[in-house]
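Quick caveat, the model's predicted, so the values are computed rather than measured. Each residue takes its place number in the sequence, starting with 1.
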Amino acid sequence: MNNIIVGMGEALWDVLPEGKKIGGAPANFAYHVSQFGFDSRVVSAVGNDELGDEIMEVFKEKQLKNQIERVDYPTGTVQVTLDDEGVPCYEIKEGVAWDNIPFTDELKRLALNTRAVCFGSLAQRNEVSRATINRFLDTMPDIDGQLKIFDINLRQDFYTKEVLRESFKRCNILKINDEELVTISRMFGYPGIDLQDKCWILLAKYNLKMLILTCGINGSYVFTPGVVSFQETPKVPVADTVGAGDSFTAAFCASILNGKSVPEAHKLAVEVSAYVCTQSGAMPELPVILKDRLL
């Protein structure tokens, strides 16, 4: 069985006051998975423009394999501005390349050889990419040990109840943070105030293998039928938190595929995420001591 792991969705530039940085959860996820020795791919689309060329160049420098289509839409950007108190505000441009990822014969072949995929809700805001993501998920062969991770990633108002429901049905692992869980509970009318109760409801309703709940400084949980793993969030000097959640998902996924138990996978995911927080940018190289934990 092929061990290809795919990060699928948005590829973009975060345009910050001090300059631009490559962004998008799928690339962060795929990059960190590749650090654990897996054959990973970024699946997205960029424009036939200079920003698209630059994204391809960054992936080449990072030796990050990809299946990026060039399409007749501008490469995605997110305008990041700071308000008077220094709090960042994001404007995610619409009608861009990653909204229009085509489903090609090449992508179908990749789906047939994919063991794990991570996708989110943001890349499903447009019907073209949404249809491509769903076809990719439906094309993956239904075999034991396969992971379809929905890292929900609610942004602005780029999601609907229907899109979320379809993704819940297609995934077997759901990753969500405490704020997103409150939003989902309101949308779907889940009763009770206890976050853990809401997790058990989602786990059972959608027949999930696992549900990962992250609660910032208050730790994280992995729910599986019958067992809960909890890990405290390590206290580290934070450079920035960009990409930390994606590195958590990548380390967890790589560990599970390597046969580690849920608590072992959870522990490594937390440590990797904490390390990424101490580094600037979303794609730092991980220390050998962390990478070797999967050997």
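- For the pair Lys161 and Phe188, the cation-pi test (distance below 6.0 Å, angle within 45°) is passed.
- Using a 4.5 Å cut-off on side-chain heavy atoms (C-beta onward), Ile68 and Val42 make contact.
- For the residue pair Asn177 and Thr214, no side-chain donor N or O sits within less than 3.5 Å of a side-chain acceptor on the partner.
- Counting heavy atoms from C-beta outward, Phe158 and Glu94 have side chains that approach closer than 4.5 Å.
- Across every non-hydrogen atom of Phe223 and Leu203, the tightest pair is O-CD1, 3.7 Å.
- Residues Asp99 and Val128 are not in side-chain contact: their nearest non-hydrogen atoms beyond the backbone lie 4.5 Å or more apart.
- Aromatic ring orientation, His266 versus Phe252: perpendicular (interplanar angle above 60°, classes split at 30° and 60°).
- One finds no salt bridge joining Asp72 and Arg70 here, because no Lys/Arg side-chain nitrogen approaches an Asp/Glu carboxylate oxygen to under 4.0 Å.
- Looking at Arg165 and Glu162, a side-chain N of the basic residue comes within less than 4.0 Å of a carboxylate O on the acidic one, giving a salt bridge.
- Residues Ser255 and Leu294 are in side-chain contact: their nearest non-hydrogen atoms beyond the backbone lie under 4.5 Å apart.
- Between Gly95 and Tyr73, the shortest heavy-atom contact is O-CD2, 3.7 Å.
- Salt bridge Arg293/Glu264: absent, no basic N to carboxylate O contact under 4.0 Å.
- Residues Phe119 and Cys171 are in side-chain contact: their nearest non-hydrogen atoms beyond the backbone lie under 4.5 Å apart.
- Residues Lys169 and Glu166 are paired through a salt bridge, judged by an N-O separation under 4.0 Å between the basic side chain and the carboxylate.
- The side-chain heavy atoms of Tyr206 and Leu174, taken from C-beta on, include no pair separated by under 4.5 Å.
- With 3.5 Å as the limit, one finds no donor-acceptor pair spanning the side chains of Thr139 and Lys108.
- Counting heavy atoms from C-beta on, the side chains of Arg115 and Leu147 never come closer than 4.5 Å.
- Contact of the Leu12 side chain with the Val96 side chain is not registered, since no non-hydrogen atoms from C-beta on lie closer than 4.5 Å.
- Asp105 CG: 12 or fewer foreign heavy atoms inside a 6.0 Å radius.
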